[in-house]
Protein chains: 2
Amino acid sequence: MAGIKDVAQEAGVSVSTVSYVLSGKRSISAKTTDKVMAAVERLGYTPDASARKMRGMRNHIFALSAPIRGDINQAKYNAYFLQTAWQAKNRGYDVLLLTGEDAVADIRRVTQSNLVDGVVLLDIEEHDERTAQAGSYSKPCVAIGYPAEHEGCACVDIDFATAGRMAVDCLYSKGHRSAMFLRDNETDCDRGSGYVLLFRKALLERAEELGMTIHESFKHRDDRFDAVEFVRELCSLDERPTAIVNQANANVLKLVLQQLQASGLRVPDDISVLSCGTYFEGELMPQPITEMPVMPQELCSKAVDLLVDAIDERRDIKGLVELSAPVMHSRGSVTKVGDV
Amino acid sequence: MAGIKDVAQEAGVSVSTVSYVLSGKRSISAKTTDKVMAAVERLGYTPDASARKMRGMRNHIFALSAPIRGDINQAKYNAYFLQTAWQAKNRGYDVLLLTGEDAVADIRRVTQSNLVDGVVLLDIEEHDERTAQAGSYSKPCVAIGYPAEHEGCACVDIDFATAGRMAVDCLYSKGHRSAMFLRDNETDCDRGSGYVLLFRKALLERAEELGMTIHESFKHRDDRFDAVEFVRELCSLDERPTAIVNQANANVLKLVLQQLQASGLRVPDDISVLSCGTYFEGELMPQPITEMPVMPQELCSKAVDLLVDAIDERRDIKGLVELSAPVMHSRGSVTKVGDV
DNA sequence: TTGTAAGCGTTATCAT
DNA sequence: ATGATAACGCTTACAA
């Protein structure tokens, strides 16, 4: 591998001249510049990343922590991986993927050894060890999610409390007085994903305020969702709910939509469907579903911007919380009901 | 940040002693070891990754190239990301994610600057610039896939040619003489994903040999698969095919299965379904489907092993090709037909 | 068993 | 406008 010394020799100049030509940090004569660039070209010289960083320069790498937890289907994080990597590249950073089970240990290892300049946290739980320890990391840290303990890092998330209220308000204003709340299997809740809890709390509270009824239902058999049972319960309720608020994934919702059709219930004529905190972009739904989606692109973009700011501008982002307003994408699956 | 000098001072020994205690490369008295370890603990010392690598040591990072191509649904690569990261960690390596559109440029950048010790290539096309250029990378490289040009790197893949023949043999031996070939929308084919081409070629050739009829069908409207039209065509054929060979993704197959049911065709009584090169583990299929799956775990494991071997043992893996035998997972969706 | 010092490839501070 | 050189934090050959 050709080093800066080889280039200097090839060009007949000193190493510092080569360095300055490449960095542009001082004025160099056109002739010298040409000689050096030619030599660089000829030798295929690329500066060594480690040596460069030894001089106190940035590494231009940050860690992306997405611990693999056996029970969870991780497919939904793919969009976050790609968006983070993409945004990082836009800002001149590479992404080091950390998927080990002991996430805190991994983060400590890569931050303390100066392998990375910062950390992005994915798949945040309500009580997340990674954010709880963030204050002790030697590099800035941004969480995509909104955990209870977040003094040591910045947080970026959708405002799920508002989303919960918006969901109720949307339905209530269209005359709905009773709705089913459809969630994924309980794993996520047990783990305590913050957004699920927040959304549910706000949903129930706002419904209470307005005097709207929310039926919670968990129909899972052998870890699989039972759509037939769900629809059966829906139909058997005294005052049949006129809407479904969905927070489950695409597969579960598809099963429900199918079963509704099989039961002769048309969407939205017989029942409205509103999906929240989901991401059906590109998913093949039987019909378009009105949605307040999560926004991987927006969240990742914000997170990366914040982190790069903290790194490059030495900005202190500890404890910062940025919640994005939920956005309602009307796709016709929610309609008015009654005499409203 | 505490450095090795601080530790040496704190422990009252020389820097080299600290280094040797940590590396275990020479025998140190128990007393000294204790003193040093205590100091390391007290100061929370972690060696600097760059400085370490400057001394010719490995970086213990490799690049994972998965270029974002606008038209493709990247969700299917998630399993490969995670498996690669997981296997890498088992072998003591971290993974740097490269998703830039100009993949070759990214790879050159990280290999030439010694940021990574090796490269793993994902989502390989039949004619892939990344493998075509692999010979000129300054680090070893493994492709998960089997492209035309692969002199400069190692390749790890399922043996899709054999899979194609196995699919035909399986159906033929059960009395099937005519089948529909169901593929994803044509994007993958146009791009020329190697495995799709290989599988199709072998499938058609073997069918020809045995005198079996394969109907190819592309029913896509507005970039969406039209299951209704597909089943209509299936039923309208003179000698109605008794089997479907599927290579499309879970969503497309689900639509077809649904439509078959709607048309009164039962699987496998009225029509057999065999899926190849897919990965339905954990997907919610209406019913279990006999499958020759792709095997992310096995492929990634092999790829990582190969790469780590090349890095740590300086083994030359250029041009190496390792094809895994396809495995048939019988799940009851293929049955005998006629008087066999 | 332990210490001293050279050197890895850069960048930045001097000097010229 | 350019060159010589110290320094970054570590590993290891050589000395004691």
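Below, chain A is the first sequence line, B the second, and so on; all start at residue 1. All values below come from the heavy atoms of this structure, side chains included, with hydrogens, waters and symmetry mates left out.
- Residue Arg26(B) places its side chain closer to dG3(C) than to any other of dG3(C), dC10(D), dG9(C).
- Atom CD1 in Ile4(B) sits about 12 Å away from atom P in dG3(C), given to the nearest Å.
- Rounded to whole Å, the distance from CE on Met54(B) to P on dG9(C) is 7 Å.
- Mapped onto DNA chain C by nearest heavy atom, Gly12(B) and Ala51(B) fall at different nucleotides, with Gly12(B) at the one closer to the 5' end.
- Spacing between atom CG of Asp34(A) and atom P of dA1(D) amounts to 15 Å, rounded to whole angstrom units.
- Inter-residue side-chain proximity for Tyr80(B) and Val294(B) is flagged as met; some heavy-atom pair is nearer than 4.5 Å.
- The side chain of Ile28(A) sits closest to dT2(D) out of dG9(D), dT2(D), dT10(C).
- Counting to the nearest Å, the C1' atom of dC10(D) and the CG atom of Asn59(B) are 14 Å from each other.
- The closest side-chain donor-acceptor pair between Arg108(A) and Ser136(A) falls under 3.5 angstrom.
- Within the 4.0 angstrom heavy-atom criterion, no nucleotide atom of any strand lies near Ser23(A).
- Using a 4.0 Å heavy-atom distance criterion, Ser29(A) is classed as a sugar-phosphate-only contact.
- Protein atom NZ of Lys35(A) is 10 Å distant from nucleotide atom C1' of dT2(D), rounded to whole Å.
- For Met57(B), the side-chain atoms get nearest to dT11(D) when compared with the rest of dT11(D), dT11(C), dT10(C).
- Atom pair Asp48(B):CG and dG9(C):C1' shows a separation of 14 Å (rounding to whole Å applied).
- In this model, the phosphate group of dA4(D) is not approached by any side-chain N or O of Tyr20(A) to a distance below 4.0 Å at OP1 or OP2.
- Taking only side-chain atoms of Ser27(B), from C-beta outward, the nucleotide of dC8(D), dT1(C), dT11(C) with the closest atom is dT1(C).
- Ser14(A) contributes no side-chain N or O that forms a donor-acceptor pair with the base of dA4(D) under 3.5 Å.
- Across the protein-nucleic acid pair, Lys5(B) atom NZ and dC8(D) atom C1' stand 8 Å apart, rounded to whole Å.
- For Arg55(A), counting side-chain heavy atoms from C-beta on, the closest listed nucleotide (dT10(C), dT11(D), dG3(C)) is dT10(C).
- Looking at which nucleotide of DNA chain D each of Ser50(B) and Lys25(B) is closest to, the 5′-most match is held by Ser50(B).
- Among the atoms of the strands shown, only primed sugar atoms or phosphate atoms (P, OP1, OP2) are found under 4.0 Å from some heavy atom of Thr17(B).
- Salt bridge status for Arg91(B) with Asp312(B): absent, with no side-chain N to carboxylate O gap under 4.0 Å.
- Using a 4.0 Å cut-off between a side-chain N of Lys or Arg and a carboxylate O of Asp or Glu, Lys31(A) and Asp34(A) do not qualify as a salt bridge.
- Out of dT2(D), dG3(C), dT11(D), the shortest distance to the side chain of Thr32(A) is found at dT2(D).
- Between Ile28(B) and Thr33(B), the closest heavy-atom pair is CG2-OG1, 3.5 Å.
- Within 4.0 Å (heavy atoms only), Gly3(A) reaches sugar-phosphate atoms of the nucleic acid but no base atom.
- For dT4(C), its base sits under 3.5 Å from the side chain of Ser16(B) at one donor and acceptor pair at least.
- Below 30°, between 30° and 60°, or above 60°: for Tyr93(A) and His60(A) the angle between ring planes is between 30° and 60°, a tilted geometry.
- Between the CZ atom of Arg52(B) and the P atom of dT12(D) there is a distance of 9 Å, given to the nearest Å.
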